[in-house]
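Order of the sequence lines sets the chain letters (A, B, ...), proteins ahead of strands, with each chain counted from 1. Computation of the quantities below employed the complete heavy-atom set of this structure, encompassing side-chain atoms and omitting hydrogens, waters and symmetry-equivalent molecules.
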Amino acid sequence: MSNDFLAVNNLTVHHGQLCAVDDVSFSVQRGEVFAMIGANGAGKSTLMRTIAGLQKLTSGSISFKGQEISLMPPHKRVKFGVSLVPEGRRLFSSMTLEENLQVGEFKSNKGPFNIHRIYELFPWMPDRRRQLAWQFSGGEQQSIALGRALLTNPELLLIDELSLGLAPIVIEKIYALIPEIVKEGLSVMIVEQDVAQGVGVASRVHCLLEGRTSLSGVPADLTSEAIERAYFGADLNSTKDH
Amino acid sequence: MSLLQLEGVSKKFGQVVVGEQITFQLEEARAIGIVGPNGAGKTSLFGIISGDIRPDAGTIHFEGNDLLKLNSAQRARAGIGRTYQVPRPFEHMTVFENALVAAQQGARLRSQHSYDLAYDSLERTGLSEFANQPAGSLTLLHRKRLELSRALATSPRVLLLDEIAGGLTDLEVNELTAIIRQLQSDGIAIVWIEHVVRALLNTVDRLICLAAGKIVADGDPQEVLSSAAVRELYLGGKVVGESVQ
Amino acid sequence: MIWFNLIIQGILVGGFYALFACGLSLMFGVMRVINLAHGDMAVVAGYVAVMLTPHFHIPMLWSFLVVVPLFGLVGYLVQRTLIQKSIDRDPFTTLLVTFGLSVVIENALLQLYTANAQTISIGSILYKSWHPASIIYISYQSLVVLAIAVVVLASLQLFLSKTGTGRQIRAVADDQEAAQLSGTNYRHIFGVAAAISFATVALAGIAYGMTTQFAPTSGGINLLFAFEAVVIGGIGSLWGTLVGGIALGIAQQIGSHINPQYTLLGGNVLFLIVLAIRPQGLFGKKSSL
Amino acid sequence: MSISPREIGSDLVSIRRTTHSPGITLVVAGAMIGVLTGAPWIFPASFVTVLMNFFILVSMATMWNLMAGYAGMVSIGQQAFVGLGGYATLYFALKGMSPYVAIPFSALTCALIAIPVTYLLFRLRGGYFSIATWVVADTAGIIIGTIALFGGGTGRPVPGFTNFSPTQITNFAYLSCWFVALVVIAGTYLLLRSRLGLVLSSVRDNEISARSSGVKVTSARRTVFIIAAAGCGAAGAVLAIAQPYVQVSNEFNIQWAAEMLFVSMIGGLGTVEGPIIGCVIFFALQQSLQSYGAWYLIIFGSLAVTIAIWQPRGLWGAFRDKFHIELLPVGYWTRSKKQ
């Protein structure tokens with residue numbers, strides 16, 4: 001076993017017959033922010049869901065803190081320190097804000113986050129804690145989902161498509177919290193199709209294209225041309241061939 | 001008169017906007033590509049046109065007739081063919097029977113005429129050699145082709161293609177785009193959602209970019225892809241966008 | 001005055017229907033399973049009560065102390081084995097399996113206890129009734145059952161909203177995957193929901209046995225009442241189920257007032273009218289269908 | 001709105017609708033039909049009685065299988081139409097029609113009643129649909145039970161047999177059961193080979209794809225529901241003739257739905273052969289365990305549950321998947337004409 005905090009080796013995942021993730025390997029270290037970028041359909045969400053345990057892998061391995069976790073059911077992975085903020089927020093719609101957070105807290109690990117701490121991070125929450133989840137705006141819902149995941153006190157926080165469908169100002173506000181989260185000793189892995197956001201916050205970047213790794217490295221070393229090629233899989237300025 | 005005409009089409013699921021004031025026209029035998037980030041409302045747009053989803057507002061006209069009055073089966077019969085992103089073959093029927101359902105119900109043909117249309121639609125996608133196999137036994141590539149064949153067998157005027165190139169190899173994508181170009185030259189109008197951008201660029205003569213249910217760019221494919229709006233949408237922020245320029 | 005009595009009697013019996021129905025509603029809400037053997041479980045509970053009490057030297061009235069927890073356990077186990085296996089297949093299979101179970105249980109009871117009717121005799125003050133006015137009579141027994149129903153529904157409501165496990169149950173009902181991501185073992189929660197469902201229906205079964213005679217085949221008709229109460233009240237609403245039960249009770253009383261043969265018809269007609277006019281039920285949301 | 005089919009070459013392909021040896025199938029089927037028609041004169045009376053019950057259940061199960069196996073509708077209220085068919089026969093017989101002649105009219109009556117019923121039931125899906133079918137059956141039973149002409153809850157004998165000898169009555173009853181089963185099975189088979197059959201198979205496999213291929217799913221379902229009502233009505237009619245007595249608690253018994261469901265599940269949903277094979281097993285079990293009371297039902301029910309979970313294609317389905325044998329083929333085999 002390697003010393004990597006999270007080590008994903010030769011991971012292949014199928015949706016039925018579609019190969020969504022194809023032989024992808026990478027690792028995340030303790031205390032870092034790792035960004036996975038790529039266009040939609042690149043397999044990023046599938047990858048995240050597989051790490052969280054919602055999706056079965058076809059082959060390869062996922063080890064966390066030196067232990068193979070690929071056969072562990074999702075709720076045990078949460079107990080082991082992996083928590084995912086799913087794409088599309090996925091709040092419990094018949095519940096209030098506070099109840100959503102309480103579900104996250106119920107089976108939580110020991111750690112820095114409790115509901116009080118979440119209310120400090122998001123000062124608007126206490127006044128509206130009795131409102132039902134569906135009554136909040138997209139950005140507010142994303143914050144609740146983030147709070148719910150943090151309340152399980154994970155060591156590795158996975159965030160899938162944080163900026164999806166949100167206004168730029170809102171995105172900026174939520175992203176500003178990531179350094180605070182890392183300060184508490186968490187590692188963060190984010191999936192983004194908004195490259196600039198991903199590159200801006202991360203210490204390392206990995207790019208997926210149609211299920212395969214197309215680029216990886218430290219942001220400073222990556223040129224925008226290289227990112228663009230890795231992202232679209234084509235040079236946009238080439239001429240149309242008929 | 002346009003073949004297909006959307007005017008101010010809007011749709012919300014709770015707080016999620018999947019369509020906001022979508023207006024565009026499709027002329028006969030043209031091919032439009034649709035791109036956009038996850039959750040932009042691309043597949044929902046197909047659902048609205050094919051009748052799986054009822055829009056909250058707006059009108060859709062097809063050959064001058066109000067499409068919203070028809071259910072999805074009637075729209076298929078009227079000439080709107082569609083494929084689904086995840087292929088949904090009739091697993092326990094043969095490949096030929098899959099196409100035959102569409103030829104008999106969608107194109108309203110009977111006996112030998114229906115057999116011929118079904119078989120022809122399989123030949124066009126290179127599936128005729130598998131005609132007697134159960135559809136459940138097909139590989140992904142062949143399932144995608146079967147989606148296309150079945151849509152073709154409804155004898156459509158407009159073909160809505162939802163990510164039929166996803167998950168295929170380069171060679172397979174090239175074969176597929178050749179088939180689609182042939183269909184277009186046979187007079188079928190095409191609307192194609194695809195994230196495999198290179199497949200689109202080789203085929204469509206117009207590109208629409210959707211984001212959060214809105215059309216943010218519409219026009220020549222190269223111009224749309226290199227437009228500031230689209231680059232910002234995909235590559236985010238100003239940082240990358242400016243350094244490219 | 002006659003009408004007033006009909007409504008009173010409807011309310012009394014409606015509480016019983018709600019007690020019967022709340023477990024059915026809970027199981028559907030959490031795991032989308034309609035347990036077609038729900039009614040039979042009540043009958044089994046009645047038989048277990050009749051069978052157990054002589055051995056334990058406890059009064060019949062207190063048999064529920066043994067039977068209800070026992071059924072909770074049985075519910076958990078049946079869910080984790082048979083029902084979960086069929087959920088893993090598809091919704092269609094859960095229907096076939098629970099219906100199969102229902103027929104097997106009924107025939108097993110017939111085989112073991114013959115078709116003779118049974119009662120749980122409690123021989124006490126509960127058989128008396130109260131006459132506040134000339135033609136209005138309120139049996140203490142029905143009043144107790146109504147009170148139990150209200151207490152059970154209120155506790156269930158409290159449990160679901162105020163406890164961690166209760167919130168997990170609602171979380172799983174809302175979004176199974178998101179619940180797992182919050183550390184919830186949904187299969188265990190399914191089991192807990194089934195346990196509650198079986199326990200409440202066991203209680204209902206014992207109450208039923210104290211009120212009237214029952215036989216191996218009584219389960220079917222009770223499932224029908226429970227189902228009608230759930231649909232009339234609106235799927236997924238606990239208090240809706242109570243209102244649905246009461247509406248059903250009143251409709252049956254009205255039917256029986258017109259002609260004693262029309263008791264059940266009254267309920268069925270109300271059910272069909274609700275189905276035709278407002279298929280989501282009185283308190284249901286449209287999307288839940 | 002006009003459709004302009006693309007120009008396609010005609011006669012691209014030739015189609016065959018039978019598999020390996022239709023000749024043998026035809027000979028075997030012919031011989032079986034001959035033997036079964038002559039059964040009252042060939043077999044002992046006790047076996048003929050078993051055959052009669054067998055044919056009644058086969059007719060019902062074939063109809064149930066058509067609904068559940070092809071159109072995804074799990075009805076636990078088909079006894080509604082069994083009962084209505086029986087009482088329709090009683091009604092026609094009371095009005096002076098021969099009970100045998102009343103069979104098709106009873107079936108037709110059930111079909112007509114089924115039409116408005118679909119508009120109510122089709123508002124519900126899945127399990128809610130199932131229990132609602134039961135409410136309908138329950139309601140129909142209650143209403144019939146209050147009609148004095150039909151003898152209320154205790155029922156009454158079916159008249160119209162006075163011109164026949166006891167042997168004739170038994171033989172005709174047998175022949176009625178057998179011919180109804182034959183018509184139901186042959187009709188179902190022909191239906192599945194027709195355009196509607198192809199439509200039903202597609203709806204069974206994937207409803208959404210079917211809609212987008214132009215299939216009117218709801219009207220296909222409605223057609224099936226009505227046909228199944230007619231078929232179960234005919235079964236109820238011959239049940240009334242076989243007794244010859246109708247009673248609400250017998251005709252409207254949910255046990256019928258249970259048996260239909262079990263035999264279809266065990267034999268194999270979505271195949272013509274499945275319910276027939278399920279019925280054979282059912283009656284074999286019933287006959288060999290008849291001295292043990294209801295145990296055969298308990299064993300059969302448990303078997304059905306087991307098969308639903310672990311072998312959802314049923315015994316015939318599993319057998320067919322393994323050996324690729326079809327006794328009653330409904331498919332299309334293509335051969336290109338170009339080569």
(request) Would you mind checking which part of C:V230 comes under 4.5 Å of any heavy atom in chain D, side chain (CB onward), backbone (N, CA, C, O), both or neither? (result) side chain
(request) Pick one of side chain, backbone, both or neither for D:L261, based on which atoms fall under 4.5 Å of a heavy atom in chain C. (result) side chain
(request) Sort D:T146 into side chain, backbone, both or neither according to what part of it lies under 4.5 angstrom from a heavy atom of chain C. (result) both
(request) Name the option with the most non-hydrogen atom pairs under 4.5 Å to chain C; the candidates are D:L120, D:V135, D:L121. (result) D:V135
(request) May I ask you to decide if the ring planes of C:F28 and D:Y128 are parallel, tilted or perpendicular, using 30° and 60° as cut-offs? (result) perpendicular
(message) Distance check, rounded to the nearest 0.5 Å: C:N107 atom CG versus D:W295 atom CH2?
(response) 10.0 Å
(message) What I'd like to find out is whether the side chain of D:D138 reaches to under 4.5 Å of the side chain of C:L265, using heavy atoms alone.
(response) no
(request) Identify which part of C:E228 has an atom lying under 4.5 Å from any heavy atom of chain D, answering side chain, backbone, both or neither. (result) side chain
(message) Between C:D90, C:V231, C:V104, C:L96, who has the most heavy-atom pairs with chain D when the cutoff is under 4.5 Å?
(response) C:L96
(request) List in chain and number order the residues that pass ring pair (Phe, Tyr, Trp, His ring centres under 6.0 Å) with D:Y91, two or more places apart in sequence or in another chain; answer none if no residue qualifies. (result) none
(message) For residues 240-259 of chain C, give me every residue with a non-hydrogen atom less than 4.5 Å from any non-hydrogen atom of chain D.
(response) none
(request) Quick one: pull up CD1 in D:I142 and CG in C:N268 and give me the separation to the nearest 0.5 Å. (result) 5.0 Å
(message) Could you tell me if the side chain of C:F99 sits less than 4.5 Å from the side chain of D:I254, heavy atoms only?
(response) yes
(request) Against chain D, label C:Q261 side chain, backbone, both or neither, depending on which of its atoms sit under 4.5 Å from a heavy atom there. (result) both
(request) Flag the one option from C:L224, C:I221, C:V103, C:L264 with the top tally of heavy-atom pairs under 4.5 Å to chain D. (result) C:L224
(request) Any chance you could measure D:L124, atom CG, to C:L275, atom CG, to the nearest 0.5 Å? (result) 4.5 Å
Quick one: side chains of residues 296-316 of chain D, donor-acceptor pairs under 3.5 Å with protein atoms, not counting sequence neighbours, listed by atom name and distance.
unit_1, atom_1, unit_2, atom_2, d
D:Y296, OH, D:Q286, NE2, 3.4
D:S302, OG, D:I298, O, 2.7
D:T306, OG1, D:S302, O, 2.6
D:R313, NE, D:D321, OD2, 3.2
D:R313, NH2, D:D321, OD1, 3.3
D:W316, NE1, D:E273, OE1, 3.3

(message) Between C:L110 and chain D, with a heavy-atom cut-off of 4.5 Å, which part of the residue counts as in contact: side chain, backbone, both or neither?
(response) neither
(request) Pull out the residues in residues 75-88 of chain C that come under 4.5 Å of chain D, heavy atom to heavy atom, sorted by number. (result) C:L82, C:K85, C:S86
